[in-house]
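Quick notes on the structure that follows.
To find a chain, count down the sequence lines: A is the first, B the second, and so on, and within it residues start at 1. Note: hydrogens, waters and symmetry copies are ignored here, and every other heavy atom, side chains too, is used.
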Amino acid sequence: MSEELIKEYIDVIPNSLLDQVRKHLPAKAKKAEVKKILELLREEFDNMQIEAGECVGLVAAESIGEPGTQMTLNTKHFGGVAELQVTLGLPRLIEIFDGRQNISTPMMEIYLKNPKCSVEEVTKIAGKIKETPLSELAKSFEVNIADATIEVELDKEAVAQAGIRVATIVKRLQTGLKNVNVKNKEDIIFIKVTKEGDELNKLYAVKETSKGVFVSGIKGVTQVLPVKIGEEYVIKTAGSNLKSVLKMDEIDTYKTRTNDIFETCKVLGLEAARQLIIDEALNVLETQGLDINIRHIMLAADTMTVAGEIRGITRYGIVGQKSSVLARASFETPIKHIIAAAERGEIDKLNSVIENVMINQPVPIGTGLPGLRTKEQGKGT
Amino acid sequence: MTEVYIDSTFVGKVEDPKSFIEQIKAERRASSITKEINVRYNAQSDEIKIELAKGRIRKPLIVIENGEPKLRKEHLEKLEKGEISWDNLVKAGIIEYIDANEEEDCLVAFFPEDLTKDHTHLEITPFAMLSLATSIVPFSNYCLATRTHGGMKSLRQALGLYTANYAVRMDTDVNLLMYPQIPISKTLMYDIANEDEHPSGQNIVVAILSYEGYNMDDAIIINKGSVDRGFARSIYFRPYVAEELRYSGGLIDEISIPDKEVKGYKSEKDYRFLNDDGIAYLEAQINPDDVLIGKTSPPRFLSGMDEYTLGTSSRRESSTAVRHGEKGTVDFVVVTENEEGNKFVQVRVRDQRLPEIGDKFSSRHGQKGVVGMLFPQTDMPFTASGIIPDVIFSPHSIPTRMTISHLIELVAGKVGCLSGRNIDATAFSSEPEKALREELKSLGFRENGSETLYNGLTGEQFKVKIFIGNQFYLKLRHMVANKIHSRATGPITLLTRQPTEGKAKEGGLRLGEMEKDTFVAHGAALLLKERFDSDKTIVPVCEECGMMAYVDKFKNRHICPICGETAEINQVEMSYAFKLLLDELKSMAVYPEIRLEDQY
């Protein structure tokens, strides 16, 4: 009965609030009472909304900027556990809001399909993820000059821990090195240099390069660290490659995340990137002990992503997109903007805040927003 | 093999670094090689670094041999008699200078009692680790280093008697404290450095108490009666100068009372203090903008016509007047010639400064604060014996800063006052707190320094005992009289037509970028416009081409530089700074067209 009434309000009140009404409504509430509750809720909701002409952008900027001055400048922080180094604090915040393509410490948090598995299983998965060069799996490298081959003796235990088969190593070495022929006899790999006439000269060079060939793991992941959070095992990594990690069977694809916003945008899409901007910025501010309302950060994240791609809050990003010549010129590199505007014959409509402060006119915000519109009624009246 | 470097240059290798270093040190002490040498063996990198360069900071220490200092009683006796000097001790290797590098290899004892076999040196005195200025801070070993440091900085800003011949000097920005005293609690370094010759504070009675809310947030309350009796009075001197400059063509400035014909003549009233020689007479009570030295200059640019005009009216007025907002008495006048042989006049103005609300005071422990209120003596709290504090200090300034030395000085000062002696407050060797307490008790007071106080306004007894004692207080050189400044309208800068900046130019306080943001955030658009109105102008703009037009006052019409006289002109209000921007854009060949539109 009351459900019909509630349905009338679907476009006026957000669903989450209506759900709460449904949940808490007594079963025998009268129709008039339900109506009264909903009316009251609508009124409250309307009151809580930002009013027209409220200067949300500036308030958001000041609300993030002012506590930012109190942030400590210690850049590196160990992300909760030893060994893994994460950029936090002001540098990280700048990185997020500037929309940097290459962040200083990319990292992932990899959640597992079976979070309550044993330590051995976790280490095994972690081993599979970590990018491992041949040198870490080998016991010894020996050069056989007579055959122009390099004999690599593999470390059985290490190979097992990396969760890889010898055949795969051979395959990867074959593709990773040029002009060689790779074979294996159980645990010993033979790398034969094939380039004629040059075998001996290149032998030592190949030996050194083969040490650095990545034979197992995921590209870009330089460090892995299984951590127990509550009952769950999570693998933290230094270096990020979300696309490849999501392909693994053992991984919980819903929870696994990276801190690289551009990578997230590429793999999961723009909405995910927007959410990541919010999460990462909030995380930084929280570790600094600053309490900033999420809405300010949401607004910043929205402005960064409205265009369908990630644009930083820089003179190349969203500030460069401003329509007003004067506003752009007052931010950075004024001469560049003015000359460019003169070449194109740009027109400044003077309908934003900065321009109007410059020419000393009322800013179109708050009390300066409403204009007077009168109808001319004949002449001379 | 250990590598040896002299001043970071590799010179060779030695077999046994330990004995090599011992040999160098022994020879240095025996004066067979220079005393300037310092060596260090770095076991980690297996290197010996020998330093001889100039500019190293070195510290004298007493040499220890086999756990016994080489400096013995007989040396001290001889020193006292004047038979030997410091140089003799250094030469004899009893005292040696160690630099920062060699210090790494040393184990230095603070006190002779601490000496063991391992020690290599002994400090001459434990407070040698403090600087000259810092070692004047009393009881500084009972205080955080940051506070002691702050106390030292306060001492450097304190008013006092900076030099005894101040009366015949022409220093700029000088303050003198009127009745400076020697502190009751003083340190050994105070005597060594002869601080008595330029004292810088006064011993006063301080009660630690919250009183009527006027001493919150580090403020202090001062007893007006104490001020009447001479507490914290100071004198401020400022010299004014004028010079008879010579210009090309044999023209010269003239120091005299300016003629009424002179360009820029002020008013007769402004020149009323001048003697016939154009210089203000001694002891004249002068006020802001009064002329101290009357002067006229020849005209700036001599055009052909000027030479034929009648009289001397082409001369300009260029007198030296008292600074805006300052007053005082003419104290001292000097008339001389400077290096160029020009007549040079200096007039010193003296101004008495009584402590007022906002003046800065400090104890010697970094506990600085401003005057929050001056109470008449009748309104100040008093003790049973009738003692009235000179200063009331807030108890909230103590816990977070932990300046225990401040509290100890209060007790020590009380003991010193009552027993009529100075208290030794040298760091690490001051009179022990326990002894001070016992002495205070024997003098008939509560041993912790607290007393029963009565409210000066109501006469009621305070429910708790109040900590009260004697302390050395400093008046710092930051006084309200030098800094107070306000403006309604006043001078503007020529270029932007905006108000000038800074006190000296009678400027305004800028409503800056961040303050602007607060107006925007509140949506107070029209208030913001009003605030930025200081340079608003009305510019005639051509409707046709959007260029700024100009006014032909003679024919009373507007002319557009492009469209001529016939163009339709409209008046537009804008900030002068923006008009300037448009002009500057034109100068870089950008055409800023203004498109006019009806406002409604």
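For chain B, the nearby part of A:Ile347 is the side chain; its heavy atoms alone come within less than 4.5 Å. No part of B:Ala577 comes within reach of chain A, as not one of its non-hydrogen atoms sits under 4.5 angstrom from that chain. Contact of A:Ile365 with chain B is made through backbone and side chain together, with heavy-atom distances under 4.5 Å. Neither the backbone nor the side chain of A:Glu343 comes within contact range of chain B; no heavy atom of the residue lies under 4.5 Å from a heavy atom of that chain. Interface residue B:Leu526: backbone and side-chain heavy atoms are both found under 4.5 Å from chain A. Proximity to chain B (any heavy atom under 4.5 Å) is restricted, for A:Val353, to the side chain, taken from C-beta onward. Of the two parts of B:Leu585, only the side chain, counted from C-beta on, holds a non-hydrogen atom closer than 4.5 Å to a non-hydrogen atom of chain A. With a 4.5 Å cut-off on non-hydrogen atoms, B:Met514 does not touch chain A at all. When heavy atoms are compared at a cutoff of 4.5 Å, A:Leu326 approaches chain B solely by way of its side chain, counted from C-beta outward. For a residue to count as touching a neighbouring chain, one of its non-hydrogen atoms must lie under 4.5 Å from one of that chain's; by this rule B:Leu581 touches chain A with the side chain only. For B:Lys516, the part lying under 4.5 angstrom from a heavy atom of chain A is the side chain only.
A donor and an acceptor atom, one from each side chain of A:Glu95 and A:Ser104, are located under 3.5 Å apart. With hydrogens and angles left out, the side-chain atoms of B:Asp535 and B:Gln498 include a donor and acceptor closer than 3.5 Å. Counting only N and O atoms by type, the side chains of B:Ser362 and B:Ser154 include a donor and acceptor under 3.5 Å apart.
Most heavy-atom pairs under 4.5 Å with chain B: of the set A:Gly345, A:Cys55, A:Ala61, this distinction falls to A:Cys55. Of the listed residues B:Phe519, B:Tyr576, B:Phe532, the one with more heavy-atom pairs under 4.5 angstrom with chain A than any other is B:Phe532. For the set A:Pro362, A:Gly57, A:Ala341, the count of heavy-atom pairs under 4.5 angstrom toward chain B peaks at A:Pro362. Annotation: maximal heavy-atom pairing with chain B below 4.5 Å, among A:Asn360, A:Ile338, A:Leu369, occurs at A:Asn360.
Residues A:Leu38 and A:Arg42 are not in side-chain contact: their nearest non-hydrogen atoms beyond the backbone lie 4.5 Å or more apart. Between B:Asp552 and B:Glu565, every side-chain heavy-atom pair lies at or beyond the 4.5 Å cut-off.
Here A:Glu309 does not pair with A:Arg311 in a salt bridge; the nearest charged N to carboxylate O distance is not below 4.0 Å. At a threshold of 4.0 Å, the pair B:Glu573-B:Lys529 counts as salt-bridged, since one of the basic side-chain nitrogens sits closer than that to a carboxylate oxygen. We find that B:Lys368 and B:Asp218 are not joined by a salt bridge, their nearest charged nitrogen and carboxylate oxygen being 4.0 Å or further apart.
The shortest non-hydrogen separation linking A:Asp348 to A:Ser324 is OD2-OG, 2.7 Å.
Listed by chain and number, the residues in a salt bridge (charged side-chain N to carboxylate O under 4.0 Å, His left out) with A:Arg315 are A:Glu332 (sequence neighbours excluded).
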